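Inspection log for the structure reproduced underneath, given as structure tokens.
Note that the structure is predicted; figures quoted are calculated from it, not measured.
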Amino acid sequence: MANPSSSSSHPITEEREEVMVSEKGHTFIKTHFLKPIATSSVAVAELPRQRLSVSSSPSELLKRLSSAKSLSGFWVAERRFVSWVGKMEALHEPTWRKAGIFEAIKASTYNITKNPSLLLSVSQKWCPETNSFVFPWGEATVTLEDVMVLLGFSVLGSPVSDSVHSSEMEDVVEKLEKAWEEKKAGHGMVREEPWTSRFFGRGDLEHEAFLVLWLSLYVFPERTRRSISKCLVPIAVRLARGERIALAPAVLAGIYKDLGQISGRCDGKLNLKSLLKLVQVWTWERFKDLRPKPRDIPKGEPRIAQWDSLQQRHKNVRLRFDDFEWRPYTKPLKNWNPLRFYIEEAKWVTVGKSLGDEFAPFARCVRVSQLVGDGFVESYYPNRVAMQFGLAQDLPGLVTRHGDFTEKEAWDDYNKSLDGLKLYMPSRLASGSVTARYRDWWVKETTETLNARNRFDDDAVSPKVLPLSQVVQNLEKSFTATRSSMRRLANKDKIGELVKSLVSSRWKMKGAQEHDEEEEEEEEEEEEEEDNMTIAQIRSRRKYSDADKAGGDVSEPLGKRRRKFQVMDSDDDSGSCQKLASVKIEAKNEEYDETASNIQHKTRQICDDDEVDVNGDTPGKESMIVDEAKKAECWLHEAREKKRCNEKRREDILEKLKLRNLSIKEKELKLEAHSFGGGFHPTSDPVQCH
């Protein structure tokens with residue numbers, strides 16, 4: 001296997017040993033990352049601390065997205081266009097393959113039924129600063145790989161903005177532009193129907209005219225009408241001569257820009273011009289619970305054919321984006337095979353300068369770069385979503401930019417030579433993983449920003465809870481009466497203090513009771529989980545690694561709640577468990593004793609103080625104080641009862657711990673006996689990080 005350091009080119013993948021997080025816990029292994037990565041000299045590319053304000057309500061955005069004219073990227077391929085595609089394919093398929101547009105033209109003949117609710121829901125996760133979707137479990141985005149696989153556009157070739165290269169091509173451009181001027185209506189545009197009628201089956205410019213139509217409707221569509229763009233004529237002429245043009249970065253730049261508009265940058269009308277149907281198909285490919293049932297792909301047709309004219313399963317704007325599929329395109333489907341660079345065995349390769357190099361497209365997909373759109377530039381950060389390419393995810397390094405890129409500078413950045421580049425190609429079966437430090441960083445980063453981003457994703461609204469001060473105020477209202485003297489007001493203050501103390505103490509006891517119930521539920525869950533555990537899993541459960549002590553429970557996958565109890569390894573497992581339970585229950589008992597004592601003391605103190613004033617007040621005042629004292633005694637009685645119940649619970653828990661530890665030891669003995677008889681090899685387990 002070639003070593004990447006032997007190349008004079010700077011590699012875009014890096015190999016090193018690192019502590020990784022997996023379902024089995026922490027493993028210290030050699031793995032591969034996408035650069036740039038945060039180091040001592042490279043800052044971390046942080047998430048923005050504040051989410052951009054959404055200028056329109058979800059209902060308003062949904063109404064705009066539902067408009068028939070708002071999403072030109074969903075133009076339906078009409079029957080006459082499909083017929084024209086068939087005729088041109090029979091004549092010019094070799095030219096289309098050379099230009100890298102054969103799959104793209106075929107994909108244009110399939111219709112994706114627009115689902116505005118799904119688009120709005122996923123777009124609300126978009127972060128324009130990072131050009132990625134921010135989900136609770138991590139980042140993901142639409143990449144050049146998605147554009148290439150699903151829409152069929154090339155990531156290699158010359159820029160869209162190039163001019164024609166010969167006098168013959170200039171003549172053709174001039175003729176087509178003249179025809180455009182002739183068909184131009186009074187409102188300054190050429191519609192699809194007269195353009196098709198002018199060139200379909202007529203003259204030697206039919207191929208170029210067809211490509212102008214295709215580019216205008218299915219690559220760079222206008223927003224409100226099916227019209228022909230005069231500015232696309234030179235691109236069509238170049239493609240008709242077999243010139244490969246990198247359409248993928250231009251298409252992706254437009255998608256990034258439009259997602260930024262929907263996610264909150266727009267004021268007034270949406271000006272969406274990109275192929276947002278890719279975002280919808282991307283969502284179906286990645287989230288299996290949100291997709292309709294795909295069709296069988298006809299033989300020889302592109303992958304997007306499986307979504308032709310399907311209706312969305314869910315139409316509610318509030319959707320859950322779980323169970324993300326990181327690498328859907330590496331798996332073969334009926335009548336569709338993965339691209340050539342999805343290899344079986346991982347290896348290092350050297351990328352050649354030829355456009356025919358099978359690994360060059362993958363190199364473009366995984367390299368941080370700038371994407372040139374129609375008069376704008378968008379940043380491309382695949383290093384933030386390395387797992388989508390089968391690589392490991394580490395802290396993304398900050399990409400420094402010296403001012404804004406011009407379109408020429410951005411293209412030069414994208415088109416940097418790949419000749420001689422050493423590139424690690426993962427196996428198509430590789431799923432990727434994250435480093436322990438990335439997991440810790442992600443949890444910290446999303447603490448402050450994710451709640452606001454996910455407000456459209458919550459299926460349930462938390463019940464409104466009154467603050468303690470308002471509860472106390474409501475209780476005091478029942479004791480409030482018109483008083484004519486300052487002495488009575490003073491007594492009211494004393495009663496208010498008593499009520500506040502009693503309410504606070506009661507809430508503490510209620511919280512302690514709920515906490516005990518939660519602990520019992522967790523222990524029952526642990527017992528159920530341990531029924532099917534292997535020896536390695538039992539031992540792993542009883543490990544408390546140094547990494548856990550330093551950075552929290554980083555052995556669990558993202559998003560899982562940390563267990564409150566972890567059993568430490570010792571010669572006497574039951575002893576440590578019983579001691580832990582005993583300490584916690586003793587603390588609860590002390591809390592109950594202290595609460596009861598405080599209630600009793602405060603009750604006596606206020607009643608003693610009031611004896612001086614009661615003789616001069618009305619009988620109703622004395623009765624009110626007596627009532628409060630009775631309530632205090634009732635709460636005190638409840639506290640004592642809870643303490644007795646807690647003692648009984650303590651005995652039950654200790655008994656359960658004894659039985660569980662005996663059961664675990666019995667399972668270990670049985671499993672060890674079975675394993676040694678069946679060829680179990682302890683050394684085959686991954687190295688645990690201590």
Side-chain angles (χ1 to χ4, degrees), residues 65 67-89 92 96 99-114 119 147 150-154 160 173 176-177 179-180 183-185 187-201 205-240 245 247-248 250-255 257-258 270-281 302 304-305 307-309 373-374:
L65 291 175
S67 170
K69 297 181 179 180
S70 65
L71 296 175
S72 55
F74 283 82
W75 287 137
V76 174
E78 296 182 347
R79 183 176 301 177
R80 192 169 186 182
F81 171 76
V82 175
S83 175
W84 206 359
V85 169
K87 177 184 178 183
M88 292 293 100
E89 178 185 356
H92 303 288
W96 290 359
I101 59 174
F102 177 78
E103 293 287 336
I105 293 176
K106 297 282 285 184
S108 303
T109 63
Y110 291 94
N111 300 319
I112 303 301
T113 304
K114 179 175 65 175
L119 282 174
V147 181
L150 295 176
L151 297 184
F153 296 117
S154 176
V160 171
V173 169
L176 288 171
E177 289 179 344
W180 187 92
K183 293 295 180 180
K184 182 174 65 174
H187 33 60
M189 65 178 182
V190 177
R191 294 192 178 276
E192 175 186 11
E193 178 60 30
W195 184 266
T196 303
S197 299
R198 165 67 176 81
F199 290 102
F200 186 83
L205 297 180
E206 183 180 4
H207 186 206
E208 289 85 349
F210 164 81
L211 292 175
V212 172
L213 174 67
W214 174 68
L215 290 168
S216 300
L217 299 185
Y218 305 105
V219 184
F220 305 111
E222 288 292 332
R223 182 169 62 91
T224 60
R225 52 198 177 272
R226 297 174 68 97
S227 60
I228 308 303
S229 298
K230 181 180 178 181
C231 63
L232 298 176
V233 170
I235 303 175
V237 173
R238 291 161 56 200
L239 290 172
I245 300 176
L247 295 174
V251 168
L252 185 58
I255 292 172
K257 183 180 180 181
D258 282 357
L270 291 174
N271 185 23
L272 307 177
K273 295 184 178 181
S274 70
L275 298 180
L276 283 175
K277 66 179 180 182
L278 175 63
V279 178
Q280 183 170 312
V281 175
I304 201 172
W307 309 114
D308 181 40
S309 303
D374 183 13

Between the side chain of R226 and the main-chain N/O of E193, is any donor-acceptor distance below 3.5 Å? no

Verify the neighbour count for atom CG of D374: are there more than 12 heavy atoms of other residues, nucleotides or ligands below 6.0 Å? no

What orientation do F210 and W96 show, parallel under 30°, tilted 30 to 60°, or perpendicular over 60°? parallel

I'd like to know whether V212 forms a side-chain contact (heavy atoms from CB on, under 4.5 Å) with W195, so could you lay out the CA-CA distance, the side-chain angles of the two residues, the decisive distance to 0.1 Å, and finally the verdict. CA-CA 10 Å; V212 172; W195 184 266; 4.0 Å; yes

Inspect the contact between R80 and E192 and indicate whether a charged nitrogen and a carboxylate oxygen are less than 4.0 angstrom apart. no

Find the distance between CG (L252) and CG (L275) and round it off to the nearest 0.5 Å. 10.5 Å

What's the separation between atom CG in L239 and atom NE2 in H92, rounded to the nearest 0.5 Å? 12.5 Å

Hey, could you give me the CZ/CD distance between R198 and E206, rounded to the nearest 0.5 Å? 11.0 Å

From CD (E89) to CH2 (W84), nearest 0.5 Å: 15.5 Å

At what distance, to the nearest 0.5 angstrom, does OG1 of T196 lie from CD of E78? 8.5 Å

How long is the straight-line distance from CD1 of I245 back to CG of L215, given to the nearest 0.5 Å? 8.0 Å

Taking the six-membered ring of Y110, is the NZ or CZ of K277 close enough (under 6.0 Å from the centre) and on axis enough (within 45°)? no

